[in-house]
Amino acid sequence: MEFKNSTFIKLLIVQCLSVFGLAQNFDFFYFVQQWPGSYCDTQRNCCYPTTGKPDTDFGIHGLWPNYNDGSYPSNCDPNSPFKQSTVSDLISNLQKSWPTLACPSGNGLSFWSHEWVKHGTCSEAVLDQHGYFKSALKLKAQIDLLQILLGAGINPDGGSYSISSIQNAVRNAIGSTPGIECNVDASGNSQLYQVYICIDTSGSSIIECPIMPNSDRCDSAIVFPAF
């Protein structure tokens, strides 16, 4: 009976710690960048942020804790809402590198709040709120996807490219094979939408992906649209 009670108490403690964000576990991050041209040319359209049209560049979608089996934790700490004051020194960089394209036009706060609450809170044992956004911005500066692709002759001009050529270009530049996600434009063409880079649990070092994201919507050759 004593052993059973001890085990029960340990399990209860673990559950309580998990609720309060102190015992979160995950295996790696997906660092996800999206191409704005592919977001905006679908049937749902897009809205530029209140700060104006974003740069012709990949933008951050998120830094997502993930498990090696392909599942992921989410909404891990209801007691840790997004606070603009916590990232006030990062706002201008977030507006540039992590712009919102959702309608109606916004200033980015809703987007960043969603990403923090759903994904960031699941990495609080490693990164606090400021550290989470700062790490994503550092990764964006380190992994310049557009320049990598341009250097390999892969241009956002509406041309078609093989997925393997895109993956090879990125792998040759960063030493890790990226995951590719596609969406479909208004004409039904499969196109480059998001690029997934795997990052270790510190949120700083690129690793080889334990598992790739689903790429069912990708044809063997995909369009890289203009923006």
Side-chain angles (χ1 to χ4, degrees), residues 13-36 39-40 44 46-55 57-67 71-145 181 193-207 213:
I13 290 173
V14 169
Q15 290 174 349
C16 290
L17 288 173
S18 296
V19 168
F20 289 103
L22 299 176
Q24 298 151 9
N25 293 308
F26 61 99
D27 297 316
F28 67 98
F29 285 104
Y30 277 136
F31 177 57
V32 186
Q33 297 187 56
Q34 67 181 12
W35 180 246
Y39 185 101
C40 289
R44 70 177 181 179
C46 72
C47 292
Y48 297 157
T50 53
T51 51
K53 182 180 179 180
D55 292 341
D57 193 7
F58 284 88
I60 299 170
H61 186 169
L63 183 63
W64 303 342
N66 223 74
Y67 298 126
S71 64
Y72 61 91
S74 65
N75 302 293
C76 293
D77 188 356
N79 298 312
S80 181
F82 174 78
K83 295 180 181 178
Q84 181 179 354
S85 59
T86 303
V87 295
S88 58
D89 61 316
L90 304 176
I91 292 295
S92 61
N93 204 351
L94 288 170
Q95 289 173 336
K96 176 181 174 62
S97 298
W98 201 327
T100 179
L101 291 169
C103 295
S105 296
N107 57 11
L109 294 177
S110 293
F111 187 17
W112 307 328
S113 176
H114 169 79
E115 291 299 311
W116 167 253
V117 171
K118 182 175 181 178
H119 301 287
T121 56
C122 298
S123 64
E124 278 184 303
V126 180
L127 298 170
D128 61 17
Q129 191 168 143
H130 186 273
Y132 175 78
F133 287 98
K134 186 175 181 179
S135 292
L137 291 171
K138 282 185 174 181
L139 290 168
K140 174 67 173 67
Q142 177 185 352
I143 307 168
D144 191 337
L145 285 178
E181 181 184 355
Y193 174 43
Q194 298 197 127
V195 178
Y196 290 62
I197 307 294
C198 290
I199 307 297
D200 71 359
T201 54
S202 73
S204 60
S205 298
I206 298 169
I207 61 172

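- A donor-acceptor pair shorter than 3.5 Å cannot be found between the side chains of His61 and Gln33.
- Using a 4.5 Å cut-off on side-chain heavy atoms (C-beta onward), Pro49 and Pro54 make contact.
- Heavy atoms only, all atoms of each residue included: Asn25 and Tyr67 are closest at O-CE2, 3.1 Å.
- Residues Tyr30 and Phe28 place their aromatic rings such that the two centres sit under 6.0 Å apart.
- Checking side-chain atoms of Gln194 against main-chain N and O of Trp35 turns up no donor-acceptor pair under 3.5 Å.
- Once rounded to the nearest 0.5 Å, the distance linking NZ of Lys138 with CD1 of Ile199 reads 13.0 Å.
- Nearest approach of Val117 to Thr121, heavy atoms of both residues: O-OG1, 2.7 Å.
- Counting all heavy atoms, side chain and backbone alike, Glu124 lies closest to Ser80 at OE2-OG, 2.8 Å.
- Looking at heavy atoms from C-beta onward, Val32 lies out of side-chain contact with Val195 at the 4.5 angstrom threshold.
- In this structure, Phe133 and Asn93 have side chains that are not in contact, with every pair of non-hydrogen atoms separated by 4.5 Å or more.
- Ring-plane geometry between Trp116 and Tyr132 is classed as perpendicular, the angle between the planes exceeding 60 degrees on a 0 to 90 degree scale with a lower cut at 30.
- Expressed to the nearest 0.5 Å, how far CG of Leu139 lies from OG of Ser204 amounts to 7.5 Å.
- The shortest non-hydrogen separation linking Trp98 to Ala136 is CZ3-CB, 3.6 Å.
- Judged by distance alone, the side chain of Gln95 and the main-chain N or O of Leu90 form no donor-acceptor pair under 3.5 Å.
- Taking all atoms of both residues into account, the shortest heavy-atom contact from Pro65 to Ser123 is CG-CB, 4.0 Å.
- Side-chain atoms of Asn66 never come within 3.5 Å of backbone atoms of Phe29 as a donor-acceptor pair (strictly under, hydrogens ignored).
- Considering every non-hydrogen atom in both Gly108 and Thr100, the closest pair reads N-CG2, 3.7 Å.
- In this structure, a donor-acceptor pair under 3.5 Å is absent between the side chains of Asn75 and His119.
- Note that the CD1 atom of Ile91 and the OG1 atom of Thr51 stand 11.0 Å from one another [nearest 0.5 Å].
- Between Leu101 and Pro36 the shortest side-chain heavy-atom distance falls below 4.5 Å.
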Evaluate the criterion disulfide bond (SG atoms under 2.5 Å apart) for residue pair Cys76 and Cys122; output intermediate values, then yes/no. CA-CA 5 Å; Cys76 293; Cys122 298; 2.0 Å; yes
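- A distance of 10.5 Å separates OG in Ser85 from NE2 in His130, rounded to the nearest 0.5 Å.
- The structure places CD1 of Ile60 at 10.0 Å from CD1 of Ile143, a figure rounded to the nearest 0.5 Å.
- The CD1 atom of Ile197 sits 12.0 Å away from atom CG of Leu63, with the distance rounded to the nearest 0.5 Å.
- In this structure, Trp64 has its ring center at least 6.0 angstrom away from the ring center of Tyr72.
- Ile206 is listed as a side-chain neighbour of Gln142, based on a closest heavy-atom distance under 4.5 Å.
- No side-chain heavy atom of Gln34 sits under 4.5 Å from any side-chain heavy atom of Phe58.
- On the SG-SG cut-off of under 2.5 Å, Cys46 and Cys40 qualify.
- For Lys53, the NZ atom is densely surrounded, since the number of other residues' heavy atoms within 6.0 Å is greater than 12.
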side-chain contact (heavy atoms from CB on, under 4.5 Å) assessment of Arg44 paired with Tyr39: CA-CA 9 Å; Arg44 70 177 181 179; Tyr39 185 101; 3.0 Å; yes
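- Using a cut-off of 4.0 Å between Lys/Arg side-chain N and Asp/Glu carboxylate O, Asp57 and Lys140 are scored as salt-bridged.
- Side-chain contact check for Thr201 versus Phe26: some heavy-atom pair is nearer than 4.5 Å.
- Put simply, the side chain of Ser105 gets close to the backbone of Tyr48: a donor and an acceptor are under 3.5 Å apart.
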